[in-house]
Visitor: 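Just passing along the structure, written as structure tokens.
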Amino acid sequence: MKLKVTVKRQKDPQSPPYEQSFLYQGEGATVAGIIRKINQRENLTDINGEPAEKIGWECGCMLRKCGACAMIINGRPSLACSQYIEADGELFLAPLSKFPVVRDLIVDREHIFKSLYKAALWLDENMGYDEEHHAARFSSSNCIMCGCCLEVCPEFSLGEDNYSGAVLPVNSYRIADREEEPQHLKQISKQYQKAFFSGCGQSLSCNKICPCNLPVEELIVKSNAINVWKRRKNKK
Amino acid sequence: MNNRFIIIGAGLAGLSAALTCAKNGDSVILVSDGYSERSQSVMAEGGINGAIDTQNDSPEAHFQDTLFSSCGLVKEEAIHALTQAAPIIIKELARMGVNFNTEQNGKLSLRPFGGQKNRRTAFAGTSSGKQILTAINDEVRKYEIKGLIIRKPHHLFRDILIDKGVCTGAIIFDKYSQKEELLYANGVITASGGLNGLFKDFTGSVANTGYCTALLFARGVKLSNLEMIQYHPTTAENNGKRMLVSEAARGEGGRLFVYKGNEKYYFMEEKYPELKNLMPRDVTAREIYNISKEMNCEVFLDMTELDEAVFEKKLKSLREDCIKYLSVDPKDSPIPVFPGIHYFMGGIAVDTAHRTSLKGLYAAGECCSQYHGANRLGGNSLLGAVYGGKVAASTACEDNLPLIQDGERLKEDLPFEAAEDIKDVLQTAMGVIRNEESLSAALEKIKENDIFSLLAKAVLQSALERRESRGAHFRSDYPERNDDKFKKVSVASFDETVNIRFEGV
Ligand SMILES: Cc1cc2nc3c(=O)[nH]c(=O)nc-3n(C[C@H](O)[C@H](O)[C@H](O)COP(=O)(O)OP(=O)(O)OC[C@H]3O[C@@H](n4cnc5c(N)ncnc54)[C@H](O)[C@@H]3O)c2cc1C
Ligand code: SF4
Ligand code: SF4
Ligand code: FES
């Protein structure tokens with residue numbers, strides 16, 4: 001396979017972005033596999049033979065489990081370790097655009113983590129086990145905080161309002177479904193309405209993008225039902 | 001109360017330690033390369049061990065299996081405490097909200113795992129690590145909001161501060177802003193994971209570079225059992241590293257075979273009629289390695305006979321990974337597998353209370369050498385990480401060392417990662433089967449004296465000097481176990497040169 005890999009690069013947060021291309025020749029691989037191969041070259045040169053710095057990116061598991069490697073791949077947000085490239089052609093890589101760039105493909109996603117603790121997502125008193133909602137709670141616990149759903153969300157930007165995007169409803173469900181302490185539940189619900197419900201335009205662009213195939217729409221509907229409409233079937 | 005601790009690593013061990021300190025009213029600076037969600041702990045699939053089933057199992061039986069598998073290289077006191085605590089820890093995790101699989105009656109489901117006679121592995125599908133981490137992380141948030149736990153994500157540990165033989169703090173480096181920060185504390189707990197970064201190919205996270213262990217070793221902290229590296233029997237190539245096919249596959253009924261002509265030969269079942277495909281990992285890995293060399297053939301893992309329902313309820317993500325990364329649906333065809341580096345039983349030497357050889361420094365989780373000896377049982381490391389984190393933190397709180405705002409650091413320029421040639425050398429010499437010649441030759445090739453080279457030497461020398469075969473360490477030139485000489489822990493220390501000594505457990 002012969003591939004022209006173009007990367008939108010940036011030396012540091014202050015420098016202007018630029019594009020640089022590399023030639024990749026080898027077997028079909030995931031985007032993560034391709035970046036690793038390029039970075040392993042001893043003296044890295046770009047497509048014009050000019051010396052180049054290693055491509056800055058984050059990765060961990062190489063298996064869609066850690067969320068580190070999210071980026072924009074041919075115009076679409078995804079995980080580098082989940083996209084296979086098997087045919088000749090061009091590959092265009094850019095950092096997620098909704099977060100501040102640290103370097104090259106690395107962005108600072110602190111906002112995601114902050115929004116979860118502001119939302120008071122922990123259990124004070126666990127209601128205990130029930131089979132009925134197990135699958136949905138399991139999905140809610142499997143969010144890898146990659147940020148792909150925020151990239152496509154028309155309402156999300158790192159502005160003043162601190163809108164959370166779909167990450168909050170996805171993660172809120174496992175807590176809202178089990179929390180038994182009424183005061184805490186109220187606190188969760190209040191913050192939820194402020195940080196998510198009042199801002200969500202319900203366009204559902206976030207639904208199909210999740211690289212972990214989480215049922216994002218279902219979790220939004222379920223979290224809304226508890227946090228906004230106060231409908232919780234399993235109330236004791 | 002009111003002490004401050006630095007914890008390096010925010011995987012399960014680091015989080016568990018942080019919770020323990022915070023519950024004690026102490027504050028924590030939690031330093032990690034990535035957020036907890038990015039740590040290797042989220043990759044754990046199969047589950048966590050504990051004698052929950054009081055009718056058919058007991059902590060005593062768990063203790064015996066762990067001891068047996070360790071080949072005598074663990075402190076009995078430590079694994080006794082571990083196995084006693086296990087059922088309590090699992091119940092605590094369930095209370096925190098871990099979505100364990102359960103039976104009709106609400107009791108936790110348990111799956112059989114390699115090297116264990118009873119069912120005692122609690123699990124959450126094949127995402128056990130992620131599900132456990134999410135729940136602990138939710139719990140940690142309670143203390144983050146109170147300001148008791150302060151996270152320093154995207155920070156690398158660089159060095160410790162030592163004042164008159166006591167560890168007084170650490171130097172950390174923000175990967176994002178490229179700034180260094182100096183922190184003092186009443187104790188430092190390292191929970192920095194395994195030594196993946198010393199090798200080319202492994203199942204774990206590429207973020208675990210082994211830097212912390214390398215640095216600490218260079219600073220005089222003792223390491224032990226470095227030669228004990230677990231090869232997981234069933235892994236496959238995935239984009240330049242190994243992908244695990246979890247033991248859960250065999251726990252749920254998967255079988256290993258090779259083709260003899262057109263016939264499937266189930267070699268493990270033939271050779272080991274009792275535990276069959278669930279022999280301990282060291283044995284299974286060697287059997288796969290040997291049969292593939294002898295017969296010059298591929299070894300397959302056959303899951304085609306498992307029910308659709310088993311895949312759906314218990315092995316969902318495992319199946320998805322195989323389809324995505326190996327282009328094989330395990331329901332339709334067997335998967336070619338081969339052993340790959342998976343876990344480091346050895347690491348930072350600790351006493352039963354998780355103190356290292358340096359006062360004020362504690363270690364927990366995969367970076368330390370505590371509960372697994374010469375061979376780890378699947379499901380015991382999540383347990384060891386959660387429990388070890390607790391013990392290390394409790395000890396640090398009890399030791400109650402004074403805050404000393406002074407200390408020396410190393411003056412040299414420190415690398416961030418091991419050089420590629422070190423990885424090549426170790427990958428080859430520290431294979432499933434080792435011998436004097438290749439280990440000595442490998443040692444010759446390590447010429448530098450940077451922290452990674454020192455650690456590499458320590459690993460090779462430990463393997464060289466253990467002239468016997470025990471657990472994960474197999475020497476073709478010394479194929480027998482030699483209890484007289486080697487029922488001992490190998491201890492590596494650095495003081496101008498790398499030294500290995502064998503000490504009583
Ligand atoms: C694919 C796979 C499946 C597994 N399945 C199971 C299983 O089913 N059951 C089981 O019991 N065990 C399993 N294990 C083993 C188990 O997952 C690990 O042993 C365990 O999670 C280790 O936890 P830890 O907290 O010690 O380290 P990790 O989770 O590896 O965390 C290490 C932390 O240290 C940080 N760190 C590392 N270096 C630095 C540095 N220089 N500076 C700052 N921070 C640093 C990292 O960012 C991370 O936060 C599996 C392992 C793998 C790879
Ligand atoms: S539904 Fe639309 S507005 Fe709401 S979180 Fe999803 S993408 Fe954003
Ligand atoms: S919901 Fe999906 S896309 Fe959004 S952060 Fe979680 S894993 Fe990523
Ligand atoms: S490297 Fe972990 S999700 Fe891609």
Side-chain angles (χ1 to χ4, degrees), chain A residues 12-13 29-34 36-37 40 42 58-68 81-82 84 100 102-103 106 108-110 112-113 116-126 128-131 134-135 137-146 171 174-175 177-179 212-213, chain B residues 33-40 42-43 45 94-102 104 106-108 124-125 127 129-135 137-145 151 153-154 175-178 203-208 238-241 243-244 316-317 320-321 324-325 327 420:
Chain A
D12 54 50
T30 60
V31 172
I34 292 170
R36 282 189 85 196
K37 280 264 165 62
Q40 273 165 7
E42 210 156 288
E58 290 184 331
C59 95
C61 65
M62 303 280 282
L63 278 177
R64 296 184 296 178
K65 293 188 203 286
C66 80
C81 67
S82 85
Y84 268 92
V102 175
R103 183 166 62 91
I106 304 172
D108 188 347
R109 285 170 280 182
E110 183 187 22
I112 301 180
F113 303 91
L116 295 189
Y117 94 60
K118 279 192 206 142
L121 292 194
W122 59 78
L123 275 175
D124 275 334
E125 260 175 71
N126 187 352
Y129 180 76
D130 95 303
E131 169 77 24
H134 179 92
R137 282 198 309 274
F138 191 89
S139 299
S140 166
S141 305
N142 258 356
C143 168
I144 61 174
M145 318 277 170
C146 63
N171 284 277
R174 65 172 176 271
I175 303 288
D177 180 63
R178 295 285 87 195
E179 181 55 87
C212 303
N213 299 319
Chain B
D33 171 35
Y35 282 91
S36 293
E37 286 80 354
R38 318 272 186 248
S39 68
Q40 178 175 303
V42 303
M43 299 175 72
E45 302 181 3
R95 230 182 352 262
M96 279 185 200
V98 178
N99 298 294
F100 285 119
N101 279 47
T102 52
Q104 272 357 37
K107 283 200 176 147
L108 294 182
S127 312
K130 172 67 181 169
Q131 293 285 326
I132 293 174
L133 185 127
T134 298
N137 226 8
D138 287 345
E139 190 78 5
V140 163
R141 239 176 248 125
K142 274 186 206 171
Y143 300 92
E144 268 185 83
I145 205 104
R151 282 188 193 261
H154 51 78
K175 289 198 295 180
Y176 287 5
S177 71
Q178 307 277 312
T203 59
S205 165
V206 300
N208 286 351
N238 165 30
N239 287 284
K241 75 186 268 297
M243 176 183 131
L244 174 77
K316 196 159 187 241
S317 65
E320 285 165 2
D321 289 347
K324 173 134 203 134
Y325 293 104
S327 309
E420 291 299 317

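Every heavy atom of this structure was used, including side-chain atoms; hydrogens, water molecules and symmetry mates were not. So that the names make sense, note that chain A is the first sequence line, chain B the second, and so on, each numbered from 1.
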Visitor: Could you tell me if the side chain of A:Phe138 sits less than 4.5 Å from the side chain of B:Gln131, heavy atoms only?
Guide: yes
Visitor: Hey, mind stepping through A:Asp12 and B:Tyr176 against side chain to side chain donor-acceptor pair (under 3.5 Å) and telling me if it holds?
Guide: CA-CA 9 Å; A:Asp12 54 50; B:Tyr176 287 5; over 6 Å; no
Visitor: Quick one: what part of A:Cys212 sits under 4.5 Å from any heavy atom of chain B, side chain, backbone, both or neither?
Guide: neither
Visitor: Nearest 0.5 angstrom please: B:Ile145 CD1 to A:Trp122 CH2, how far?
Guide: 4.5 Å
Visitor: If only atom types and distance count, is the side chain of A:Lys37 paired as donor or acceptor with the main-chain N or O of B:Gly240 below 3.5 Å?
Guide: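 A pair under 3.5 Å: no.
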Visitor: Distance from B:Asn137 atom CG to A:Ser141 atom OG, nearest 0.5 Å?
Guide: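 If I round to the nearest 0.5 Å, the distance is 11.0 Å.
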Visitor: side-chain hydrogen bond (donor to acceptor under 3.5 Å, both in side chains) with B:Asn99: which of A:His134, A:Arg137, A:Arg174?
Guide: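 When A:His134, A:Arg137, A:Arg174 are each tested with B:Asn99, the side-chain hydrogen bond (donor to acceptor under 3.5 Å, both in side chains) holds only for A:Arg137.
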Visitor: Hey, could you give me the OH/CD distance between A:Tyr117 and B:Glu144, rounded to the nearest 0.5 Å?
Guide: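 Those atoms lie 6.5 Å apart.
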Visitor: Examine whether an atom of A:Tyr129 lies under 4.5 Å from a heavy atom of chain B, and if so say whether it belongs to the side chain, the backbone or both; otherwise answer neither.
Guide: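 Answer is side chain: those atoms of A:Tyr129 sit under 4.5 Å from chain B.
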Visitor: Report the distance from atom CD of B:Gln40 to atom SG of A:Cys66, rounding to the nearest 0.5 Å.
Guide: 10.5 Å
Visitor: If we only count heavy atoms from C-beta on, is the B:Lys175 to A:Glu58 side-chain gap below 4.5 Å?
Guide: yes
Visitor: Given that the side chain runs from C-beta out, which part of A:Ser140 has a heavy atom under 4.5 Å from chain B: side chain, backbone, both or neither?
Guide: neither
Visitor: Report the distance from atom CD of A:Glu42 to atom CD of B:Glu420, rounding to the nearest 0.5 Å.
Guide: 9.0 Å
Visitor: Quick one: does B:Asp138's side chain get under 4.5 Å of A:Ile175's, heavy atoms only?
Guide: yes
Visitor: SG/A:Cys61 to CG/B:Asn238 distance, rounded to the nearest 0.5 angstrom?
Guide: 9.5 Å
Visitor: Specify whether B:Tyr325 and A:Tyr84 have parallel, tilted or perpendicular ring planes, treating 30° as the upper limit for parallel and 60° as the lower limit for perpendicular.
Guide: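 B:Tyr325 vs A:Tyr84 ring planes: tilted.
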Visitor: Is chain B contacted by the side chain of A:Leu116, its backbone, both, or neither, given a heavy-atom distance below 4.5 Å?
Guide: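 For A:Leu116, the contact with chain B is made by backbone and side chain together.
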Visitor: Strictly distance-based, threshold 3.5 Å: is any side-chain N or O of B:Lys142 a donor or acceptor partner for the main-chain N or O of A:Leu123?
Guide: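 Checking the backbone N and O of A:Leu123 against the side chain of B:Lys142, a donor-acceptor pair under 3.5 Å is found.
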